[in-house]
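In what follows, a single structure is set out as structure tokens and then discussed.
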Amino acid sequence: MITTTEPVMNIYEISYPGFFNNYPDYAVTRTAETPGKARYAEFLSFNDGYEMTFGEYQKITRVRKIGSNRINPDEHSPFQSRIDLINQLIIEIASRGRRFLYSQKYDRHNKFYWADGRLWLKDNYTGMSMEMKNQQQGKSRDQEQGFSQGGTMWGLMCDFTDYIFGDDDANHNHGYGGLYCPHWGYPDEDMESIQAYAKSVGYLK
């Protein structure tokens with residue numbers, strides 16, 4: 001079981017009741033320690049297109065908590081065996097070649113975990129926890145800030161997410177070839193070892 005050292009992060013829904021006439025139900029989610037921090041982070045993005053003070057922004061938005069990355073030891077994840085499998089596969093990847101998904105500075109790997117009915121990914125470098133969704137497209141704003149690696153590794157994390165949620169053919173769902181990508185810059189023998197390990201645990205066919 002992972003223990004998080006960063007402050008507990010909550011998921012907040014920020015809605016805009018009555019502001020967007022064509023999208024009356026428009027809302028976004030933000031992960032932050034407090035509702036004020038979530039709202040302010042969203043305000044900074046919102047103000048790229050609208051000139052508005054934070055005080056004015058507060059008047060047009062509503063904030064409510066919808067989740068948390070706080071681990072409850074009594075909570076059972078229906079996907080725990082797959083989470084454990086993927087975390088071991090990440091360690092295999094991080095122990096070879098260019099050591100993707102590992103931070104030497106902080107001595108930690110990317111790691112998936114389950115909390116509050118949601119799947120989370122903790123980044124090895126930023127230490128931020130990001131909610132991961134099945135078959136998601138692109139990145140949320142929180143993921144843009146929290147994920148420290150490039151598009152190839154992000155695609156792999158999304159493949160891993162799909163696998164955790166039950167897709168047995170998730171490799172390459174999100175492009176780049178998944179574990180068969182030829183552009184990691186790893187020695188051929190390391191890639192072959194990673195692929196062999198992934199086959200042995202059932203991730204690759």
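When a residue number appears, it is its place in the shown sequence, counting from 1. Owing to the predicted nature of the structure, the values given are computational and were not obtained by experimental measurement.
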Exercise. Rounded to the nearest 0.5 Å, how far does CZ of Arg82 lie from CD of Gln80?
Worked result: 13.0 Å
For this session: Might you point out which heavy atoms bring Ser148 and Asn124 nearest each other, and give the distance in Å?
Result: OG-ND2, 4.2 Å
Exercise. OG of Ser129 to CG of Leu119: how many Å apart, nearest 0.5 Å?
Worked result: 11.0 Å
Exercise. So with a 6.0 Å cut-off around CZ of Arg99, is the heavy-atom count from everything else above 12?
Worked result: yes
For this session: State, with a plain yes or no, whether a side-chain heavy atom of Phe160 is found less than 4.5 Å away from one of Met132.
Result: no
Problem set entry | ring pair (Phe, Tyr, Trp, His ring centres under 6.0 Å) between Phe46 and Phe43, intermediate numbers included | CA-CA 5 Å; Phe46 176 86; Phe43 163 72; 7.5 Å; no
For this session: With sequence neighbours excluded, tell me which residues meet side chain to side chain donor-acceptor pair (under 3.5 Å) with Gln88.
Result: none
Problem set entry | Heavy-atom closest pair, residues Arg96 and Ser193 | CZ-CB, 3.5 Å
Problem set entry | Nearest atoms (heavy-atom pairs only) where Tyr176 meets Gly155 | CD1-CA, 4.5 Å
Problem set entry | More than 12 heavy atoms from other groups under 6.0 Å of CD on Gln104 | no
Exercise. Any side-chain heavy atom of Leu101 sitting closer than 4.5 Å to one from Gln149?
Worked result: yes
Could you list the donor-acceptor pairs under 3.5 angstrom formed between side-chain atoms of residues 196-205 and any protein atom two or more places apart in sequence or on another chain?
{"unit_1": "Ser200", "atom_1": "OG", "unit_2": "Tyr197", "atom_2": "O", "d": "2.6"}
{"unit_1": "Lys205", "atom_1": "NZ", "unit_2": "Asp168", "atom_2": "O", "d": "3.4"}

For this session: Please step through side chain to side chain donor-acceptor pair (under 3.5 Å) for the pair Tyr102 and Asp107, ending with a clear verdict.
Result: CA-CA 7 Å; Tyr102 172 74; Asp107 188 26; 2.7 Å; yes
Problem set entry | Straight-line distance of Lys122 NZ to Met130 CE, nearest 0.5 Å | 10.5 Å
Seminar exercise, completed: Scanning both residues in full, the closest heavy-atom pair of Ala38 with Tyr12 reads CB-CD1, 3.5 Å
Exercise. Between Tyr50 and Phe19, does the ring centre distance come in under 6.0 Å?
Worked result: yes
Seminar exercise, completed: Test side-chain hydrogen bond (donor to acceptor under 3.5 Å, both in side chains), reference Tyr16, set Tyr57, Tyr26, Tyr23, output is Tyr57
Exercise. Hey, what do you get for OG1 (Thr161) to CD (Gln136), rounding to the nearest 0.5 Å?
Worked result: 6.5 Å
For this session: Can you label the angle between the Phe147 ring and the Trp154 ring as parallel, tilted or perpendicular, going by 30° and 60°?
Result: perpendicular
Exercise. Rounded to the nearest 0.5 Å, what separation is found between the OH atom of Tyr125 and the CG atom of Asn110?
Worked result: 13.5 Å
Exercise. Is it true that atom OH of Tyr40 has more than 12 heavy atoms of other residues, nucleotides or ligands lying nearer than 6.0 Å?
Worked result: no
Exercise. Can you name the nearest heavy-atom pair linking Val63 to Pro35, along with the distance?
Worked result: CG1-CB, 3.9 Å
Exercise. Will you find, in the side chains of His174 and Asp162, an N or O donor that is under 3.5 Å from an N or O acceptor?
Worked result: yes
Exercise. In Å and rounded to the nearest 0.5 Å, what is the CG to CG distance from Leu179 to Asn171?
Worked result: 5.0 Å
For this session: Taking the six-membered ring of Tyr106 (Phe, Tyr or Trp), confirm whether the NZ or CZ of Arg108 is under 6.0 Å from its centre and within 45° of its axis.
Result: yes
Problem set entry | Short side-chain donor-acceptor distance under 3.5 Å, Asn69 and Tyr113 | yes
